[in-house]
Amino acid sequence: MTRPLEIHLTTRAAAEYDYLSSGAMTPEMAANYLQGGCIELRTFSEILRDQYPYPDIRARLTAFFQACETNTATASVARKVQNWLNGRNQPTSREDVFRIAFALDLSEGQASLLLGQCTEYGIHYRDPKDVIYAWFLRNDGSYEEAHTFYQSLPPVPRLKDYPQADGVRITRELQSVFFTIHTQENLRRAYLDNIDKFGQLHVRAYHYFEKYMKQLTHPDNGWGGADEQDYSIEKVMEQYLSLHMPSGRNRTRYSVTQKLLKRNWPNATSLKNILAHREDVPRKLLLILYIVTENAVDGEYCELDEDYLSLQDRLEDHWWVLNAILTDCGMPTLDPRNATDWLVLYALTAREDESMSERMTQVIDHLFADIQE
């Protein structure tokens with residue numbers, strides 16, 4: 001049965017997907033295509049205006065943020081809003097995204113979409129603040145009410161470890177509990193009754209991260225001989241995850257596309273912080289891990305390995321598998337008008353005689369050929 005790509009793709013994004021699935025580009029051509037601005041990259045401004053297509057958007061946001069940030073100069077607030085609407089940058093804090101949602105009277109689903117665009121995760125129903133803010137959005141409350149209510153609650157205890165198999169079930173249970181509440185009194189009671197179930201880190205994303213990392217740190221699980229030593233995080237980073245991405249911090253000579261691809265690229269420190277449960281799993285890292293391992297982590301038969309499948313068949317199957325993983329983690333699905341996602345999709349079109357990571361590395365080599373380390 002054919003699975004319609006139009007479920008996820010706009011017309012322009014579908015055109016990019018079709019071009020990728022044609023297999024017509026060499027890695028050098030792909031790099032030139034990305035670098036040459038051939039893709040109309042999706043911006044936060046575009047998504048925001050789709051959610052609120054009215055002429056008073058600038059005035060509403062400016063007035064709202066001025067009321068929230070009374071200690072900030074009016075000109076500074078106006079400039080921040082202007083930059084968002086002009087597509088120069090986007091909010092980096094979840095608090096600002098929720099403020100935008102309240103300011104424009106957006107729905108809970110619209111807020112989750114904006115959060116995914118800006119912070120890689122939609123509304124997280126095990127995060128106490130997300131749960132409270134989502135409830136007030138759903139029940140036509142104001143930002144001031146939501147913020148004041150949340151500040152009046154006791155903090156949740158810090159978990160010593162990720163919950164394992166029950167993590168996803170708990171998230172769904174909490175979402176269901178808070179969806180059926182209609183008064184602030186019951187909201188407070190539900191919060192207190194479930195306080196030990198909250199947690200800010202995303203359990204499901206960590207599950208995938210851990211599964212992929214085990215393949216890379218333990219080469220005897222199919223990546224090498226049985227006598228090989230376990231790889232250190234530094235070795236994994238160097239051998240598998242760097243993919244020739246420049247490691248220097250100076251980005252003054254970077255193009256827009258180079259900056260977008262370089263941003264939040266993993267390093268050994270970030271991997272250690274994630275393993276120690278000090279940081280969440282970034283969406284970009286999850287995508288890279290999928291490419292590097294080719295999602296071959298369970299040792300089971302995979303139809304994607306069969307020679308009779310065409311490039312288009314393999315890409316479509318990877319499209320659905322990877323989107324299912326992203327959705328499972330509460331992350332936005334693949335967008336061919338996103339620079340990183342476009343590169344990932346190109347890597348998924350690797351020929352039978354090359355790996356996906358080799359294909360991605362070749363594009364990065366061409367893209368950053370002018371960058372001196």
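Values reported hereafter were calculated over all heavy atoms of this structure, with side chains retained and with hydrogens, waters and symmetry mates removed.
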Distance (rounded to the nearest 0.5 Å) between [X] [atom1] and [Y] [atom2]:
X	Y	atom1	atom2	result
Leu241	Leu289	CG	CG	5.5 Å
Glu210	Thr217	CD	OG1	9.5 Å
Thr349	Tyr346	OG1	OH	5.5 Å
Gln110	Asp105	CD	CG	10.0 Å
Leu287	Asp341	CG	CG	6.0 Å
Arg60	Leu104	CZ	CG	6.0 Å

Side chain [X], main chain [Y], donor-acceptor under 3.5 Å:
X	Y	answer
Gln90	Gln117	yes
Arg94	Gly122	yes
Glu279	Ile274	no
Asp328	Ala324	no
Arg253	Asp370	yes
Arg283	Thr333	yes
Ser112	Glu108	no
Glu145	Ser142	yes
Lys272	Ile233	no
Asn86	Arg88	no

Minimum-distance pair of heavy atoms, taken over all atoms of [X] and [Y]:
X	Y	answer
Leu20	Leu311	O-CD2, 4.4 Å
Pro27	Gln362	CG-OE1, 3.1 Å
Arg188	Ser152	NH2-OG, 2.9 Å
Gly116	Pro332	O-CG, 3.3 Å
Gln258	Ser255	OE1-N, 2.8 Å
Ser357	Ile291	N-CG2, 3.7 Å

Start with the C-alpha distance between Glu95 and Tyr143, add both sets of side-chain angles, then the distance that settles side-chain contact (heavy atoms from CB on, under 4.5 Å), and finish with yes or no. CA-CA 10 Å; Glu95 190 76 20; Tyr143 170 75; 2.5 Å; yes
Does the pair [X]/[Y] count as a salt bridge with the N-to-O cut at 4.0 Å?
X	Y	answer
Lys80	Glu69	yes
Arg126	Glu173	no
Glu16	Arg337	no
Asp317	Arg314	no
Arg42	Asp50	no
Glu144	Arg99	no

Sort out for me which residue in Arg263, Glu120, Met331 forms a side-chain contact (heavy atoms from CB on, under 4.5 Å) with Pro282.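 Among the candidates, only Glu120 passes.
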Would you say the side chain of [Y] lies within less than 4.5 Å of the side chain of [X], judging by non-hydrogen atoms?
X	Y	value
Ile100	Phe64	no
Asp130	Tyr125	no
Val344	Tyr290	no
Tyr17	Leu315	yes
Met360	His244	no
Trp342	Leu41	no
Tyr208	Val281	no
His182	Asn186	no

Please report the C-alpha distance between Glu354 and Arg351 in whole Å, then the side-chain angles of each, then the deciding distance to 0.1 Å, and finally whether the salt bridge (Lys or Arg N to Asp or Glu O under 4.0 Å) criterion is met. CA-CA 6 Å; Glu354 65 179 344; Arg351 302 187 307 270; 3.6 Å; yes
Checking Leu137 against Leu106 for the side-chain contact (heavy atoms from CB on, under 4.5 Å) test, could you report, in this order, the C-alpha distance in whole Å, the side-chain angles of both residues, the deciding distance, and whether it holds? CA-CA 8 Å; Leu137 280 173; Leu106 301 183; 5.7 Å; no
May I ask you to check whether [X] and [Y] place their ring centers less than 6.0 Å from one another?
X	Y	value
Tyr206	Phe209	yes
Trp135	Tyr191	no
His147	Phe98	no
Phe149	Phe136	yes

Check the orientation of His202 and Tyr121. Use parallel for under 30°, tilted for 30 to 60°, and perpendicular for over 60°.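 Plane angle under 30°, so parallel.
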Is Arg138 positioned over the aromatic face of Phe179, cation under 6.0 angstrom from the ring centre and no more than 45 degrees off axis?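 Not flagged: Arg138 not positioned over aromatic ring of Phe179.
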Answer yes or no on whether Lys235 is positioned over the face of Tyr231, meaning its NZ or CZ is under 6.0 Å from the six-membered ring centre and within 45° of the axis.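 Yes, a cation-pi geometry holds between Lys235 and Tyr231.
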Between Asn273 and Ser270, does a side chain to side chain donor-acceptor pair (under 3.5 Å) hold up when you go through it step by step? CA-CA 5 Å; Asn273 285 337; Ser270 63; over 6 Å; no
Are more than 12 heavy atoms, taken from residues, nucleotides or ligands other than Glu358, located less than 6.0 Å from that residue's CD atom?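 Yes, CD of Glu358 has more than 12 neighbouring heavy atoms, counting only those of other groups under 6.0 Å.
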Near Asn71 CG, under 6.0 Å, is it more than 12 heavy atoms from other residues, nucleotides or ligands?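 Open.
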Going through the checks in order, is the side-chain contact (heavy atoms from CB on, under 4.5 Å) test met by His318 and Met356? CA-CA 12 Å; His318 279 299; Met356 295 177 189; 3.1 Å; yes
I'd like to know whether Thr171 forms a side-chain contact (heavy atoms from CB on, under 4.5 Å) with Lys197, so could you lay out the CA-CA distance, the side-chain angles of the two residues, the decisive distance to 0.1 Å, and finally the verdict. CA-CA 8 Å; Thr171 299; Lys197 297 178 182 177; over 6 Å; no
